[in-house]
Structures are given as C-alpha cells and as structure tokens.
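The structure under discussion appears below in the form of structure tokens.
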Amino acid sequence: MKYGDKVSTVDHLTELRRRMIYCLIFFIISFVVSLIWSADIYKFLTSNFNHKLIVLGPNDILWIYLTLAGICAITFTIPFTCYQLWAFIKPGLEEREARALLAYIPAVFICFSLGLAFGFFLVTPAILNVLLSIGDDLFNTQLTAQNYLSFVINTTIPIAILFEFPVIIAFLTSIGIITPLFLTRNRRYAYFILIFVAVVITPADFISDIVMSIPLILIYELSVLISKYIYKKRGD
C-alpha cells in the first residue's frame, strides 16, 4: 500500500513537471514572437503621447524590447498556465466541477486584459497629465522611453491584477470559502482598502483619486453580485 502511494506521488510530480515544462515552452515561444513585434508594440504604446521620447543608449533600447516582450509573453501565458493547472487537477474532480472550473480560464485572461486596457487608456494618461502639469512652469521635462514605459507598467499592471478580483471571489464562493453575506458585511472595510489603494497608485490629486476609486468600487460590487449568483446556484 505504501509502495503504491509512493508510485502515485511520483506519477503526480512527474505530471506536474511535464505541464510546467509546457508552460515554460509556451512562454519562450510567446516571448520570441513578442520580441519580433516589439517595435510595433512600442509604437502603439507611445502613439498617444505628445512628448518626444529619448533614449540614453543602446542598453535602453534593449531594455524596452525585452520588457515589452516579457509582459506580452506573461499575458499570453497566463490562460495557458491556468489550463495546464486545470488539466493537472481534472482527474480528481467530478465532471460538473471540472466544467465549472474550466470556465474560469477565459475569465482570468479577459479580466486581466480589461485591466490592462483600462489602466493604459484611462488611468495612465490621466495620472501622467496631472504629474506633468504640476511642474510645467518650473521644469523642462524630457522623458526617456525607459522612464515612460516604466511609468506605464507601474500603473497598468497593478490595475490589471485588481481586475482579477471578481474571478477570485467567484472561485472562492464556488468552493464555499466566501459567502455574499461576508462581502456585504465587510463592504465598508473593503471600500476603505480600495480607496486607500486608489490614493496610493495615483498622484496627490483629488480628481485622480475619485477617477481611480469609482472603478475599483464598481469591481467590488460586481464581485458581490457574482458571489450572490454562484451562492444561489449552489443552493446553499
């Protein structure tokens, strides 16, 4: 019996290792493809920026291309990794549970992509305009391409992660860890945390704080509605 359990454990670890290798290969392929298109990605990201960006040397160009390729590769690898994890645990699930869990994979990618789009097209320009206008009369601002992309990454990635909140709440509700009652009872604390996050990732500007706080609160309320729907569907 113990020997059989040991073999079973080794088989599981071997299967997990195989799927991790798949994820690594997929990431490398996505990285190479994204690296080929890095120049076009850079043009798209800087197309709406009025200031001319400069580079200080060839190292900056290499950093830009590698960073853009890495972010694109991670974005594309996220749903593939989720699928590999699902395939790994599928044998231990019932058919109904496996189908329900599979539905979360496109949701993870969609929410992350929506978060990136929201951060890039709405939040980042608003914050950047406020920051540049503060010292417009005092400084001759010259942004490097590396500075600009670092700013874009630091504002959009956290927002994209926050957009995963409904998916996380849906999953935790489906397995019985969180209930809609818990979310509604702790709404005031959640609002405080979300507003604090909005203040931290935006400049010291009241309008920017509001612009950032409202979508985060709406995401929380959407999560509550999703949790209620799943909780009612479970029949608890």
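Any value given below was found using the heavy atoms of this structure, including those in side chains, with hydrogens, waters and symmetry copies removed. On a predicted model such as this, the values are computed, not experimentally measured, just so you know.
Distance alone, capped at 3.5 Å, places no donor-acceptor pair between the Ser227 side chain and the Val224 backbone. A donor-acceptor pair under 3.5 Å is formed between the side chain of Tyr148 and the backbone N or O of Leu45. Panel note: side chain Tyr220, backbone Leu183; a donor-acceptor pair is recorded below 3.5 Å. Using a distance-only test at 3.5 Å, with no hydrogens or angles considered, no donor-acceptor pair links the side chain of Thr67 to the main chain of Ile64.
The two residues Gly115 and Ile159 make their nearest non-hydrogen contact at O-CG2, 3.7 Å. Nearest approach of Leu149 to Trp63, heavy atoms of both residues: CB-CZ3, 4.2 Å. Between Ser223 and Ile169, the shortest heavy-atom contact is O-CG2, 3.6 Å. Closest heavy-atom contact between Ile226 and Ala170: CG2-CB, 3.6 Å. Heavy atoms only, all atoms of each residue included: Phe88 and His12 are closest at CE1-O, 3.3 Å.
A single hydrophobic cluster is not seen to contain both Phe26 and Leu102; linkage of ILVMFWY side chains at heavy-atom distances under 4.5 Å, directly or through other members, places them apart. Linking ILVMFWY residues whenever their side-chain heavy atoms come closer than 4.5 Å, directly or via other members, leaves Ile105 and Phe80 in distinct clusters. Neither Leu194 nor Tyr189 shares a network with the other; the hydrophobic side chains, linked directly or stepwise wherever heavy atoms of I, L, V, M, F, W or Y lie under 4.5 Å apart, form separate groups for each. Cluster membership for Leu225 and Ile177, using ILVMFWY side-chain heavy atoms within less than 4.5 angstrom, is not shared. A continuous path of ILVMFWY side-chain contacts below 4.5 Å connects Leu66 to Ile153, so both sit in one hydrophobic cluster.
Pairs passing the ring pair (Phe, Tyr, Trp, His ring centres under 6.0 Å) check and including a residue from residues 107-126, sequence neighbours excluded, read Phe44-Phe120, Phe118-Phe163. Within the structure, the salt bridge (charged side-chain N to carboxylate O under 4.0 Å, His left out) test picks out the following pairs touching residues 211-230 (sequence neighbours left out): Arg187-Glu221. Applying the salt bridge (charged side-chain N to carboxylate O under 4.0 Å, His left out) test to every pair with at least one member in residues 13-29, sequence neighbours left out, gives these pairs: Glu15-Arg18, Glu15-Arg19. The stretch residues 53-62 participates, sequence neighbours left out, in no side chain to side chain donor-acceptor pair (under 3.5 Å) pair at all.
Side-chain contact between Val55 and Gln146: absent, with no pair of heavy atoms (C-beta onward) separated by less than 4.5 Å. Side-chain contact between Pro79 and Val108: absent, with no pair of heavy atoms (C-beta onward) separated by less than 4.5 Å. Side-chain contact check for Ile157 versus Leu116: some heavy-atom pair is nearer than 4.5 Å. Between Ile89 and Leu101 the shortest side-chain heavy-atom distance falls below 4.5 Å. The shortest side-chain heavy-atom distance between Leu162 and Leu216 falls under the 4.5 Å cut-off. No side-chain heavy atom of Leu68 sits less than 4.5 Å from a side-chain heavy atom of Ser34. Side-chain contact check for Phe31 versus Thr77: every heavy-atom pair is 4.5 Å or farther apart. Counting heavy atoms from C-beta outward, Thr46 and Leu53 have side chains that approach closer than 4.5 Å.
The distance from atom CG of Leu35 to atom OG of Ser30, rounded to the nearest 0.5 Å, is 12.0 Å. Atom CD1 of Ile178 and atom OH of Tyr231 lie 12.5 Å apart (nearest 0.5 Å). Leu122 contributes atom CG, which lies 11.5 Å from atom OG1 of Thr155 (distance to the nearest 0.5 angstrom). For the atom pair CD1 (Ile168) and CD1 (Ile161), the distance works out to 9.5 Å, reported to the nearest 0.5 Å. The structure places CG of Asn154 at 9.5 Å from OG1 of Thr124, a figure rounded to the nearest 0.5 Å. To the nearest 0.5 Å, atom CD1 of residue Ile217 and atom CG of residue Leu222 are 13.5 Å apart.
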Exercise. Tell me, with the steps shown, if Arg185 and Leu181 meet side chain to side chain contact (heavy atoms under 4.5 Å, CB included).
Key: CA-CA 6 Å; Arg185 282 182 175 177; Leu181 183 60; 3.7 Å; yes
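Under the side chain to side chain contact (heavy atoms under 4.5 Å, CB included) criterion, Ile214 pairs with Ile210, Leu218, not counting sequence neighbours. Thr81 is linked by a side-chain hydrogen bond (donor to acceptor under 3.5 Å, both in side chains) to nothing, counting only residues two or more places apart in sequence or in another chain. For the salt bridge (charged side-chain N to carboxylate O under 4.0 Å, His left out) test, residues two or more places apart in sequence or in another chain that qualify with Glu95 are Arg99. Taking Thr144 as the reference, Asn147 meet the side-chain hydrogen bond (donor to acceptor under 3.5 Å, both in side chains) condition, with sequence neighbours excluded. For Phe171, the ring-ring contact (aromatic ring centres under 6.0 Å, His included) partners are Tyr104, not counting sequence neighbours. For Ile74, the side chain to side chain contact (heavy atoms under 4.5 Å, CB included) criterion is met by Phe27, Ile78, not counting sequence neighbours. Scanning for ring-ring contact (aromatic ring centres under 6.0 Å, His included) contacts around Trp86 gives Tyr83, with sequence neighbours left out. Leu13 pairs by the side chain to side chain contact (heavy atoms under 4.5 Å, CB included) definition with Thr9, not counting sequence neighbours.
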